[in-house]
2 protein chains.
Amino acid sequence: MKTTRNTTAKTAVTEILSKSKTALSHSEIYKLTADLCNRVTIYRILDRLVNDDIVHKIVDLDGTVKYAKCHHSHPVTIHNHAHFSCENCHEITCLESVKPSYIIPHNYKVTDINFTLSGLCPNCLNSNI
Amino acid sequence: MKTTRNTTAKTAVTEILSKSKTALSHSEIYKLTADLCNRVTIYRILDRLVNDDIVHKIVDLDGTVKYAKCHHSHPVTIHNHAHFSCENCHEITCLESVKPSYIIPHNYKVTDINFTLSGLCPNCLNSNI
DNA sequence: ATAAGTATCGCAACTATGTTGCAATAATAT
DNA sequence: ATATTATTGCAACATAGTTGCGATACTTAT
Ligand SMILES: [Zn+2]
Ligand SMILES: [Zn+2]
Ligand SMILES: [Zn+2]
Ligand SMILES: [Zn+2]
């Protein structure tokens with residue numbers, strides 16, 4: 001079986017995501033690592049972290065992909081909490097407590113969910129843009 | 001005011017989306033138009049159709065962007081019906097009747113929603129892959 | 001501590017997707 | 001038929017993500 005290894009780069013990426021209050025894109029993470037490793041390595045690390053259920057992938061309404069640290073105790077069947085994407089500051093945050101309820105359509109087998117709300121976050125709403 | 005014009009290319013794209021049972025990506029639409037117009041033109045037409053609320057944009061769990069004809073009578077405040085993305089055949093379909101209910105988080109202003117379910121569609125589920 | 005096995009990495013090259021500026025074209029109203 | 005201007009084509013660019021392969025370095029076992 002393939003065993004997973006801890007490397008400097010992997011640790012750094014995990015740290016960055018742990019400390020971030022918002023979800024980060026590949027390029028944002030790459031910049032934050034500041035030449036620690038190659039661009040491709042970040043892609044591969046993120047893939048592994050997602051597979052290991054340490055990080056989850058979030059897709060914005062426009063197709064932008066971001067990543068956030070999981071806050072659940074390891075293996076979870078489905079990531080169904082909502083995410084909020086601000087049209088103004090473009091930050092994406094996990095809304096861990098917001099979960100959609102819906103009627104599962106007959107004959108469909110659901111194994112994953114993406115539920116993203118878009119609009120104005122509290123910060124930008126107060127700034128009265 | 002900017003008035004909108006009906007062109008051959010725009011009509012073709014609208015036709016293609018009207019006839020399709022599943023949502024289509026830019027490149028799929030481009031191939032179906034078969035050299036009718038430039039690649040860039042398709043992007044611009046899709047933008048206009050989305051703005052005019054004739055077509056809506058759907059983002060898959062992996063960030064793939066697709067487009068589907070709207071089935072509502074013109075202006076609608078928010079596209080909140082669910083979409084289903086099949087992991088096997090990669091088709092995305094509108095589930096017009098499935099709408100998520102959720103608790104609107106305090107202090108957030110929601111203006112748009114993306115709710116996509118992923119898994120196996122009825123066809124692929126029966127094929128017992 | 002050393003060596004073997006292999007997960008991970010760097011690099012280069014590539015594909016896919018989406019955007020922009022500008023001159024040419026064509027839809028629409030008068 | 002003419003004027004106005006929305007739309008298009010093209011070329012060039014930007015960003016995102018992938019792949020193959022030889023080199024590197026983490027882990028485990030001796
Ligand atoms: Zn904001
Ligand atoms: Zn989250
Ligand atoms: Zn299917
Ligand atoms: Zn739809």
Side-chain angles (χ1 to χ4, degrees), chain A residues 1-17 23-68 85 87 90 92 114 116 118, chain B residues 1-17 23-68 85 87 90-92 114 116:
Chain A
M1 64 297 181
K2 259 179 93 98
T3 60
T4 181
R5 289 181 188 176
N6 284 322
T7 64
T8 333
K10 186 182 171 188
T11 310
V13 171
T14 311
E15 273 289 290
I16 286 169
L17 286 172
L24 300 173
S25 69
H26 164 271
S27 70
E28 286 168 333
I29 295 167
Y30 180 51
K31 278 168 201 153
L32 286 170
T33 56
D35 278 324
L36 177 73
C37 66
N38 191 269
R39 200 173 65 87
V40 181
T41 303
I42 306 279
Y43 278 115
R44 300 201 259 228
I45 288 171
L46 288 170
D47 282 349
R48 269 179 279 146
L49 290 176
V50 168
N51 272 326
D52 296 350
D53 209 31
I54 293 166
V55 157
H56 60 286
K57 194 172 176 174
I58 306 157
V59 181
D60 205 348
L61 296 217
D62 60 357
T64 310
V65 173
K66 300 209 173 182
Y67 300 87
S85 162
E87 286 165 2
H90 296 106
I92 295 189
N114 181 271
T116 307
S118 177
Chain B
M1 62 298 179
K2 257 178 95 97
T3 60
T4 181
R5 291 179 187 178
N6 285 321
T7 64
T8 334
K10 187 182 171 188
T11 310
V13 171
T14 311
E15 274 290 291
I16 286 168
L17 286 172
L24 301 173
S25 68
H26 165 270
S27 70
E28 287 167 333
I29 295 167
Y30 179 52
K31 279 167 200 153
L32 286 170
T33 56
D35 278 325
L36 177 73
C37 65
N38 192 269
R39 201 172 64 86
V40 181
T41 302
I42 305 280
Y43 277 115
R44 300 201 259 227
I45 287 171
L46 288 170
D47 282 349
R48 270 180 277 146
L49 290 175
V50 168
N51 272 325
D52 295 350
D53 208 31
I54 294 167
V55 157
H56 59 286
K57 194 172 176 174
I58 307 157
V59 181
D60 205 348
L61 297 217
D62 59 358
T64 311
V65 173
K66 300 208 173 185
Y67 299 88
S85 162
E87 285 167 2
H90 296 105
E91 285 189 348
I92 296 189
N114 181 270
T116 306

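Per chain, numbering begins at 1; letters A, B, ... match sequence-line order. Just so it is clear, the structure is predicted and the values come from calculations on it, not from any experiment.
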Integer-rounded Å distance: C:dT20 C1' and B:Y43 OH: 14 Å
Atom pair distance, as rounded to whole Å: CG in A:D47 and P in C:dC9: 12 Å
Euclidean distance, atom NZ of residue B:K10 to atom P of D:dT8 [Å, nearest integer]: 9 Å
Pairs under 3.5 angstrom, nitrogen or oxygen only, protein versus nucleotides 27-30 of chain D, please.
{"from": "D:dT27", "atom 1": "OP1", "to": "A:N6", "atom 2": "N", "distance (Å)": "3.1"}

Value in whole Å for how far the P atom of D:dA16 lies from OH of A:Y67: 11 Å
Residue whose closest nucleotide on DNA chain C lies nearer the 5' end, A:I45 versus B:T64: A:I45
B:V65 side chain near B:I58 side chain, heavy-atom distance below 4.5 Å: no
Intermediate values then yes/no, ring-ring contact (aromatic ring centres under 6.0 Å, His included), B:H56 and B:Y67: CA-CA 6 Å; B:H56 59 286; B:Y67 299 88; 9.3 Å; no
Residue A:N51 excluded, over 12 heavy atoms near CG under 6.0 Å: yes
Under 3.5 Å: donor-acceptor pair, side chain of B:S25, backbone of B:E28: yes
Quiz item: A:R44 side-chain donor-acceptor pair to D:dG17 base, under 3.5 Å: no
Integer-rounded Å distance: D:dT7 P and B:N51 CG: 11 Å
Difference in axis direction between the ends of the helix from C:dA1-D:dT30 to C:dT30-D:dA1, five pairs, 10°: 40°
Contact summary for B:S85 and B:D60, nearest pair of heavy atoms: OG-OD1, 2.8 Å
d(CD, B:E28; P, C:dA16) in whole Å: 13 Å
Nucleic acid contacts - residues 30-40 of chain A versus DNA chain D, non-hydrogen atoms under 4.0 Å: A:R39, A:V40
CA sep, side-chain torsions, deciding dist, call: A:K10, A:T4, side-chain hydrogen bond (donor to acceptor under 3.5 Å, both in side chains): CA-CA 11 Å; A:K10 186 182 171 188; A:T4 181; 3.0 Å; yes
Main-chain N/O of B:T64 paired to B:D62 side chain as donor or acceptor, under 3.5 Å: yes
B:T116 vs A:N114, side-chain hydrogen bond (donor to acceptor under 3.5 Å, both in side chains): CA-CA, chis, key distance, verdict: CA-CA 5 Å; B:T116 306; A:N114 181 271; 5.1 Å; no
For atom CG of B:L46 and atom C1' of C:dT19, their distance in whole Å: 14 Å
Polar side-chain atom of B:T11 near backbone of B:T7 as donor-acceptor pair, under 3.5 Å: yes
Donor-acceptor contact present, side-chain B:H26 to main-chain B:R39, <3.5 Å: yes
Validation row: B:L46, B:L17 side chains within 4.5 angstrom (heavy atoms): yes
Separation of D:dA16 C1' from A:D60 CG (nearest whole Å): 15 Å
